[in-house]
Every structure is written in structure tokens, then in C-alpha cells.
Amino acid sequence: MKRYLITGASRGIGRAIAEELAGPDVELLLHGRDTVALAEVCKTVNHHGAHVVPLIHDLAVPSGVSDLIHHVGRNPLDLLVNNAGIAIVKPFCEITSVEWEQTVGVNVTAPFMLMQHFAPEMPPGSSIVNILSIAAKTGFPNWSAYCMSKFALEGLSQCVREELRDHKIRVINVYPTATDTSIWTHIEGEWPRHKMISPEDVASTVAYALSRPADVTLESISISSLSGNL
């Protein structure tokens, strides 16, 4: 049975990926912080025959990541999806040190710790998928903390990719443009959500990349709306 760990799986892109990859030959280790939402996801993917393990941990602090690692156990992973992320959207002069540290913790330190711990035991043919963003390539006003974290994960994952290449482990970076998830509910302003791509668009792209032969890798995948970057 394949073992897949997906962070941030209680909603949005993470949930869509879990639903896309669920199957009777898969053990899904699904991380989230919203107990109720994660339980709903687990119930949904159970209908696809997947064995599901819910993981409720706070990735903003290293102790939370360590607890997740302990909960996952010693058996190797076949897939790690670093999807969990937070977005602080405000002028950079207004960002607090706590908000900055939380952004770095969830968006950079957690993926680093997870890759560092799990990659050495992942078998050849395994994959690591990092859900990045167009914000890993382009800066936007009021998104400085978020862009910083995505640029950082971009650099880290490029280096990890080269280190793992000889071990036959694929590192796949995905760069969605604005995606219609609940994150926009908590961000001030008017956002054209009807023009955004859907979480399912991202999930199907991830599934396609993973379906390629083990010696073929789609290393950098940009996904955008025909309307352009929003």
C-alpha cells in the first residue's frame, strides 16, 4: 500500500489533491488544523476505499511539525505534498514579528523539516510535491511576507531536487495563479473569484505529473487562468 502525506488537506487545494489521489491501494495521511473540516475530508476519501489517518497539528511551530512526524510513524512515504500555507496580506510596515514568524514557520520551516526527515527513507520512484504559487516568482504589493516565504521555498526545493536526483526521488514544484479557495474570504478587498482557477484544476495537474513514468519528471508546473494573473 502506498503512503501519501498531504499537509493542509482540510480544504482547498489540499482537499482536492486528497480526493483526486484516493484509492483502495493508498493510505492517506491527511494533515489539517480544523478538526471538523478534516473529518469531513476523511469521510469523503473513505468512500473511495482509501485508508485515512487524520493528523491535527500546528505547523507554525517546530514542535507541531515534530509531533506530526512522530504521528506519521517509521514506515516510508511514497509521496509528500507540502501544501499547507498561510497568507498575511498587509503593507510590509504593518507586519508584526509574530505574523512574520508564523509565515516562515508554516510556509518554509515545516516543508524543510518534513523533507529533511522523510526524504532519506523514501524509496526510488517516490515524489515530493511543493505547492508554491506565482508569488514564488513575482512580488505583489502587500504580499511581502507571503512572497518571501514562497521565494524561499522555491530556492530550497531547487536545491533539494538536485540532492535527491540520484536517489530517483522527484521534486515537483507547482505554481498556481490565484485559486478559488476560502483563503480569499479572510483577505480584504474585492477579488474576482469567478475568474480564478479551481482547486480541482491544481489537483488534476498534480495527479497527471505523478502519473508519469518514474524516470520522467515535470519539475516546474505553472497553472493559470486564461484571464491571466489575478
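If you read the sequence from its start, that first residue is 1, and numbering goes on from there. Just so we're clear, the structure is a prediction, and the values are computed from it rather than from any experiment.
- Nearest heavy atom pair, residue S157 against residue L132, reads OG-CD1, 4.5 Å.
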(request) Start with the C-alpha gap between K43 and E40, add the side-chain angles, then the distance that decides, and say whether side-chain contact (heavy atoms from CB on, under 4.5 Å) holds. (result) CA-CA 5 Å; K43 181 179 180 180; E40 182 180 334; 5.7 Å; no
Identify every side-chain donor-acceptor pair in residues 119-129 under 3.5 Å, counting partners at least two apart or on other chains, and give the distances.
{"residue": "S126", "atom": "OG", "partner": "P123", "partner atom": "O", "Å": "2.6"}
{"residue": "S127", "atom": "OG", "partner": "R170", "partner atom": "NE", "Å": "3.1"}
{"residue": "S127", "atom": "OG", "partner": "R170", "partner atom": "NH2", "Å": "3.3"}

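- The salt bridge (Lys or Arg N to Asp or Glu O under 4.0 Å) test applied to D67 returns no partner, not counting sequence neighbours.
- Side chains of V206 and I13 form no contact here, defined as non-hydrogen atoms less than 4.5 Å apart.
- The closest donor-acceptor contact from the side chain of H57 to the backbone of H31 lies at 3.5 Å or more, if one exists at all.
- Going from atom OG1 of T205 over to atom CD1 of I221 covers 6.5 Å, rounded to the nearest 0.5 Å.
- In terms of heavy atoms, E163 sits closest to H167 at O-CD2, 3.4 Å.
- Shown here are the side chain to side chain donor-acceptor pair (under 3.5 Å) partners of R165, two or more places apart in sequence or in another chain: E162, E219.
- The closest side-chain heavy-atom distance from P62 to M113 is below 4.5 Å.
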(request) Before giving the answer on side-chain contact (heavy atoms from CB on, under 4.5 Å), spell out for I17 and Y4 the whole-Å C-alpha distance, their side-chain angles and the decisive distance to 0.1 Å. (result) CA-CA 11 Å; I17 292 174; Y4 298 167; over 6 Å; no
(request) Show your reasoning for whether side-chain contact (heavy atoms from CB on, under 4.5 Å) applies to V72 and I69. (result) CA-CA 5 Å; V72 169; I69 289 171; 5.8 Å; no
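- Under the side chain to side chain donor-acceptor pair (under 3.5 Å) criterion, S222 pairs with K137, sequence neighbours left out.
- By the rule that hydrophobic residues join a cluster once side-chain heavy atoms approach within less than 4.5 Å of another member, I172 and L164 end up as members of separate clusters.
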(request) Kindly determine whether N173 and R161 satisfy side-chain contact (heavy atoms from CB on, under 4.5 Å), including the steps that lead there. (result) CA-CA 10 Å; N173 287 354; R161 174 186 292 141; 3.7 Å; yes
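- Checked against side chain to side chain contact (heavy atoms under 4.5 Å, CB included), V36 has the following partners two or more places apart in sequence or in another chain: D34.
- No single ILVMFWY cluster, assembled from side-chain heavy atoms under 4.5 Å apart, contains both L28 and L68.
- Within the 3.5 Å criterion, the main-chain N or O of A136 finds no donor-acceptor partner in the side chain of S133.
- The shortest non-hydrogen separation linking V160 to V171 is CG1-CG2, 4.3 Å.
- Under the 4.5 Å side-chain contact rule for hydrophobic residues, L29 and L59 share a cluster.
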Would you mind writing out the side-chain donor-acceptor pairs for residues 76-91 within the sub-3.5 Å range, not counting sequence neighbours?
{"residue": "D78", "atom": "OD2", "partner": "R3", "partner atom": "N", "Å": "2.9"}
{"residue": "N82", "atom": "ND2", "partner": "N130", "partner atom": "OD1", "Å": "2.9"}
{"residue": "N83", "atom": "ND2", "partner": "T7", "partner atom": "O", "Å": "3.2"}
{"residue": "N83", "atom": "ND2", "partner": "G8", "partner atom": "O", "Å": "2.9"}
{"residue": "K90", "atom": "NZ", "partner": "E99", "partner atom": "OE1", "Å": "3.2"}
{"residue": "K90", "atom": "NZ", "partner": "E99", "partner atom": "OE2", "Å": "3.0"}

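- Considering all non-hydrogen atoms of both residues, V41 and A18 come closest at CG1-CB, 4.5 Å.
- Considering only residues two or more places apart in sequence or on other chains, A39 meets the side chain to side chain contact (heavy atoms under 4.5 Å, CB included) condition with none of them.
- Take H48 and apply the ring-ring contact (aromatic ring centres under 6.0 Å, His included) test, not counting sequence neighbours, and it matches no residue.
- When hydrophobic clusters are built by joining Ile, Leu, Val, Met, Phe, Trp and Tyr residues whose side-chain heavy atoms come closer than 4.5 Å, directly or via intermediates, V106 is not grouped with V174.
- In terms of heavy-atom proximity, L38 sits nearest to L30 at CD2-O, 3.5 Å.
- Using a distance-only test at 3.5 Å, with no hydrogens or angles considered, no donor-acceptor pair links the side chain of T138 to the main chain of A135.
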Can I get a per-line list of side-chain donor-acceptor pairs under 3.5 Å for residues 144-152, giving both atom names and the distance, sequence neighbours left out?
{"residue": "S149", "atom": "OG", "partner": "N107", "partner atom": "ND2", "Å": "3.0"}
{"residue": "S149", "atom": "OG", "partner": "Y146", "partner atom": "O", "Å": "2.7"}
{"residue": "K150", "atom": "NZ", "partner": "I131", "partner atom": "O", "Å": "3.2"}

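- Remark: A207 engages E20, L21 in a side chain to side chain contact (heavy atoms under 4.5 Å, CB included) (not counting sequence neighbours).
- Residues satisfying the side chain to side chain contact (heavy atoms under 4.5 Å, CB included) test with H51, not counting sequence neighbours, are M1, E27, V53.
- In terms of heavy atoms, S211 sits closest to Y208 at OG-O, 2.6 Å.
- Linking Ile, Leu, Val, Met, Phe, Trp and Tyr residues whenever their side-chain heavy atoms come within less than 4.5 Å places F92 and W100 in a single cluster.
- Pairs engaging residues 47-61 under the salt bridge (Lys or Arg N to Asp or Glu O under 4.0 Å) rule: R33-D58 [sequence neighbours left out].
- At a threshold of 4.5 Å between non-hydrogen side-chain atoms, the residues L156 and M115 count as touching.
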